[in-house]
Amino acid sequence: MKEQHADQGYRKFWATMKEMTWKERWEYFWEYYKVATIVTIFLAVVLGTILYDALKPRPEIIIKGAVVNVALSEQTEKDLSEGLLALFEGTEDQTAELMFSTIVTDTSVTHDASSNYAEITKLVAGITAQELDYLLMDEAAKNYFAQQEVFQDLANLLSREQLAALEGRLVYQTLKDGTEVPTAIDLSGLPLDEGCTTGKGLYIGFPGNTGREDKLGALVEYLLALEGK
């Protein structure tokens, strides 16, 4: 029955249009089908945008870091994105990504608990999904993630020579099995620190699970050599 009514509607539409001039046809169509036309165009544009975004090629991530509880100067942000892309000889199809997050680790401080939980969950998800090569963070964030044993033993990521040169800056932690290992680097007081604003301290740690661990030694050398901004 519905198909019959639809067919009759089409027949009536074309019969009506047949007796009109092109100008009259346009005016008639716009008068009775304007809303449907606008809605259809709008939906087509939205659908096209969604499909384009879903199907367009994504740049390959050459390295990705999370900046936690740290505000970066404009130049330092460029150093950690464009600078790292250049360091690793990235192409137009590659990117050095940064994600920014602010978390509260002292629950006695007034804060939005749901928002804070969402931020922590986002970071944990990035680590679990093996997306984050490093975390650049303040002391509070470093202590929080160290308790979760998020950071890889630096002895597995850096050369003996690098570890020896960094000895005064290595942050050790005792794992649950009683082993004491270096898991973070204290960057406080370095020229890099001048381009960072934190509550207290500046540290870097590495989850060590992205498959890009071969770049971390060069990353550390790059950060140590950055000029103050």
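Bear in mind that the values here come from a model prediction, so they are computed numbers and not experimental data. The analysis underlying the following values was restricted to heavy atoms, covering all of them including side chains, and did not include hydrogens, waters or symmetry mates.
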Side chains of Gln130 and Thr210: is there a donor and an acceptor less than 3.5 Å apart? no
Can you confirm whether Glu180 is buried at CD, in the sense that more than 12 heavy atoms of other residues, nucleotides or ligands lie under 6.0 Å from that atom? yes
Quick check: do Leu98 and Glu77 have side-chain heavy atoms less than 4.5 Å from each other? yes
Roughly how far apart are Ser115 OG and Ile103 CD1, rounded to 0.5 Å? 11.5 Å
Please examine the side chains of Tyr144 and Ile120, heavy atoms only from C-beta on, and report whether any two atoms are closer than 4.5 Å. yes
For Gln147 and Gln173, what are the C-alpha separation, side-chain angles and deciding distance, and is it a side-chain contact (heavy atoms from CB on, under 4.5 Å)? CA-CA 9 Å; Gln147 290 175 358; Gln173 76 173 89; over 6 Å; no
Which atom names give the shortest non-hydrogen contact between Gly201 and Ser188, and what distance separates them? CA-OG, 3.5 Å
Using atom types as modelled and distance alone, determine if a side-chain donor or acceptor of Asn209 lies under 3.5 Å from a backbone N or O of Ile127. yes
Cluster check Tyr134, Leu123: I/L/V/M/F/W/Y, side chain < 4.5 angstrom: no
What do you reckon, is OH of Tyr117 surrounded by more than 12 foreign heavy atoms closer than 6.0 Å? no
Would a 4.5 Å heavy-atom cut-off, applied to side chains only, mark Leu202 and Asp138 as touching? no
Interatomic spacing from CD1 in Ile63 to CD in Gln94 - rounded to 0.5 Å: 12.0 Å
Would you say that more than 12 heavy atoms from the other residues, nucleotides or ligands in this model lie under 6.0 Å from the CD of Gln148, or not? yes
Regarding Asp93 and Thr91, is there a side-chain donor-to-acceptor distance under 3.5 Å anywhere? no
To the nearest 0.5 Å, how far apart are CG in Asp79 and OG in Ser73? 7.5 Å
Euclidean distance, Glu194 CD relative to Thr76 OG1, rounded to 0.5 Å: 9.0 Å
Quick one, Arg169 and Tyr203 - any side-chain contact, counting heavy atoms below 4.5 Å? no
What heavy-atom pair brings Pro191 and Leu226 nearest, and what distance separates the two atoms? CB-O, 3.2 Å
To the closest 0.5 Å, what do you measure between CG (Leu223) and CG (Leu87)? 9.0 Å
Verdict with reasoning, Val220 to Ile185, per side-chain contact (heavy atoms from CB on, under 4.5 Å): CA-CA 9 Å; Val220 171; Ile185 302 171; 4.1 Å; yes
Asp153 vs Pro182 side-chain heavy atoms within contact, under 4.5 Å: yes
Cut-off 3.5 Å, side chains only: do Ser114 and Asp112 have a donor facing an acceptor? yes
So, does Arg212 use its side chain to make a donor-acceptor pair with the main chain of Glu131 at under 3.5 Å? yes
Looking at Lys64 and Asp133, does any basic side-chain N land under 4.0 Å from a carboxylate oxygen? no
What about Leu219 and Leu166, same hydrophobic cluster or not, with Ile/Leu/Val/Met/Phe/Trp/Tyr joined at side-chain heavy-atom distances under 4.5 Å? yes
Side-chain touch Phe206/Leu132, heavy atoms, less than 4.5 angstrom: no
Is there a chain of hydrophobic side chains (I, L, V, M, F, W, Y, each step under 4.5 Å between heavy atoms) that links Leu158 to Leu192? yes
When every non-hydrogen atom of Ser101 is compared with those of Glu119, the smallest separation belongs to OG-OE1, 2.6 Å
So, Glu221 versus Gln162: side-chain donor-acceptor pair below 3.5 Å or not? yes
Of the non-hydrogen atoms in Val181 and Thr179, which two are nearest, and what is the gap between them? CG1-CG2, 3.5 Å
Ile204 vs Lys142 side-chain heavy atoms within contact, under 4.5 Å: no
Are Phe88 and Leu136 joined in one hydrophobic group, where the rule is that I, L, V, M, F, W and Y side chains link up if heavy atoms are under 4.5 Å apart? yes
If I take atom NZ from residue Lys215 and atom CG from residue Leu157, how far apart are they, to the nearest 0.5 angstrom? 14.0 Å
Same cluster for Met137 and Met99 if Ile/Leu/Val/Met/Phe/Trp/Tyr side chains link at under 4.5 Å? yes
Taking the side chain as every heavy atom from C-beta outward, state whether Leu154 and Thr183 have any pair of such atoms under 4.5 Å apart. no
